[in-house]
Amino acid sequence: MHTARTQQDLIVLDFETSGMAPQRGDRAIEVGAVKVNDGRIVDHFESLMNPGFRVSSFIEEFTGITNDELRRAPRCEEVMHQFSEFIGGAPLVAHNASFDQRFLKSEFARIGECKLLRFGCSMLVARRLYPEAPNHKLATLVAYKNLPSQGVFHRALADAEMTAHLWMEMEREVCQRCQVDTVPFEVLRGLGKVSPKKIADHLEKVLSFQSESLMLS
DNA sequence: TGCCAGGCCCTCTTTAGGGCCTT
């Protein structure tokens, strides 16, 4: 069995938010993230965030995060400074990354942080690798691939952990298909962006990358 | 008054529309 190796830190993150659209004033209310290296979760970050207003009863029920908890939580700006230090310059992964990317950019903009964000999307890659799955919701994929789960959903750290296990599973999947020991982040990330008919061509890049690495070493 | 996210993907498509996925 192949063991996929992540040769650098990878941050897998998830936001719980007050709604769907930061451009309409929605804010992050919880951030959870894990640091992955060498195929293992080696660190984590978790914090509630006080957005400065009450969230809807729907969000309270959906996430289990109450307005009373948010009132006592540190403000978003304080948490985001800490989170920026946590992620450093590492590449990022999220499930349906366009959603988390919008909120991360929005919250970073509020604190004047403008670091380059390289996002991989576990949902887009899963659509390519597991087109036969019932659907590509995070919970469904976790069950479909029998991945580790504490049975908690819609909380930031729990969702980030499950997304990390999904990403590592997909790394292993590509390594097995290509008979290689490692798959670069950019190759796996790119798999989510190619057309379904070009998956085989894209995976050939894994082999060529492996060959080039061996020649350079 | 009516609408109100956005990026990706598929198809009954491309001068478009609707479903998926995230909270």
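None of these values were measured; they are calculated from a predicted model. Per chain, numbering begins at 1; letters A, B, ... match sequence-line order. These values consider heavy atoms only, across backbone and side chains, with no hydrogens, waters or symmetry-generated copies.
Atom P of nucleotide B:dT22 and atom CG of A:L13 are separated by 14 Å, given to the nearest angstrom. As rounded to whole Å, 18 Å separates atom P of B:dT22 from atom CG of A:L104. Rounding to whole angstrom units, CE of residue A:M49 and C1' of B:dT23 are separated by 14 Å. Note: CG (A:L124) to P (B:dG19) measures 19 Å, nearest angstrom. A:F153 has its CZ atom 11 Å from the P atom of B:dT23, to the nearest Å. The nearest whole Å value for the distance from the CE atom in A:M123 to the P atom in B:dG19 is 16 Å. B:dC21 atom P lies 16 Å from atom OH of A:Y130, rounded to whole Å. Counting to the nearest Å, the P atom of B:dT23 and the CD1 atom of A:I65 are 11 Å from each other.
Between A:R118 and A:E186 there is a salt bridge, since a side-chain N of the basic residue sits under 4.0 Å from a carboxylate O of the acidic one. Under a 4.0 Å N-O distance rule, the pair A:R27/A:E107 qualifies as a salt bridge.
For B:dC12 and B:dG18, the P atoms lie 15 Å apart once the distance is rounded to whole Å. A gap of 16 Å separates the C1' atoms of B:dT23 and B:dC4, to the nearest Å. Using atom C1' as the reference point in both B:dT14 and B:dC9, the two lie 14 Å apart (nearest Å). With P as the reference atom, B:dG2 and B:dG6 are 23 Å apart, rounded to whole Å. Remark: the separation of the P atoms in B:dC3 and B:dC8 is 26 Å, to the nearest Å. If you take atom C1' in B:dT13 and the same atom in B:dG19, they sit 15 Å apart, rounded to whole Å.
The aromatic rings of A:F15 and A:F83 sit perpendicular to each other, their planes meeting at more than 60°, with 30° as the lower class boundary. Relative orientation of the A:F58 and A:F62 rings is parallel, given thresholds of 30° and 60° on the angle between their planes.
A:F86 carries A:K35 over the face of its six-membered ring, with the cationic atom under 6.0 Å from the centre and within 45° of the normal.
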Distances for protein N/O vs nucleotides 4-6 of chain B N/O pairs under 3.5 angstrom?
{"residue": "B:dA5", "atom": "OP2", "partner": "A:R24", "partner atom": "NH1", "Å": "2.7"}
{"residue": "B:dA5", "atom": "O3'", "partner": "A:Q23", "partner atom": "NE2", "Å": "2.1"}
{"residue": "B:dA5", "atom": "N3", "partner": "A:R102", "partner atom": "NH2", "Å": "3.3"}
{"residue": "B:dG6", "atom": "OP1", "partner": "A:Q23", "partner atom": "NE2", "Å": "2.8"}
{"residue": "B:dG6", "atom": "O4'", "partner": "A:R102", "partner atom": "NH1", "Å": "3.4"}

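One finds no side-chain N or O of A:R127 lying less than 4.0 angstrom from the OP1 or OP2 phosphate oxygen of B:dC10. The phosphate of B:dC21 has OP1 or OP2 within less than 4.0 Å of a side-chain N or O from A:H136. Residue A:H95 places no side-chain N or O under 4.0 Å from the OP1 or OP2 atom of B:dC21.
Candidate nucleotides B:dT23, B:dT22, B:dC8 were compared by shortest atom distance to the side chain of A:E16, and B:dT23 ranks first.
In this structure, A:F119 has no ring pair (Phe, Tyr, Trp, His ring centres under 6.0 Å) partners at least two apart in sequence or on a different chain.
In summary, of the residues considered (A:D100, A:T163, A:L138), a side-chain contact (heavy atoms from CB on, under 4.5 Å) with A:D14 occurs for A:D100 alone.
Comparing A:G192 and A:K137 by the nucleotide of DNA chain B whose heavy atom lies nearest to each, the residue mapping closer to the 5' end is A:G192.
Using a 4.0 Å heavy-atom criterion, one finds that A:R128 contacts the sugar-phosphate atoms exclusively. A:D26 comes within 4.0 angstrom of no nucleic acid atom, judged by non-hydrogen atoms across all strands.
Residue pairs satisfying the side-chain hydrogen bond (donor to acceptor under 3.5 Å, both in side chains) criterion with at least one member in residues 120-131 of chain A, sequence neighbours excluded, are listed as follows: A:H95-A:S122.
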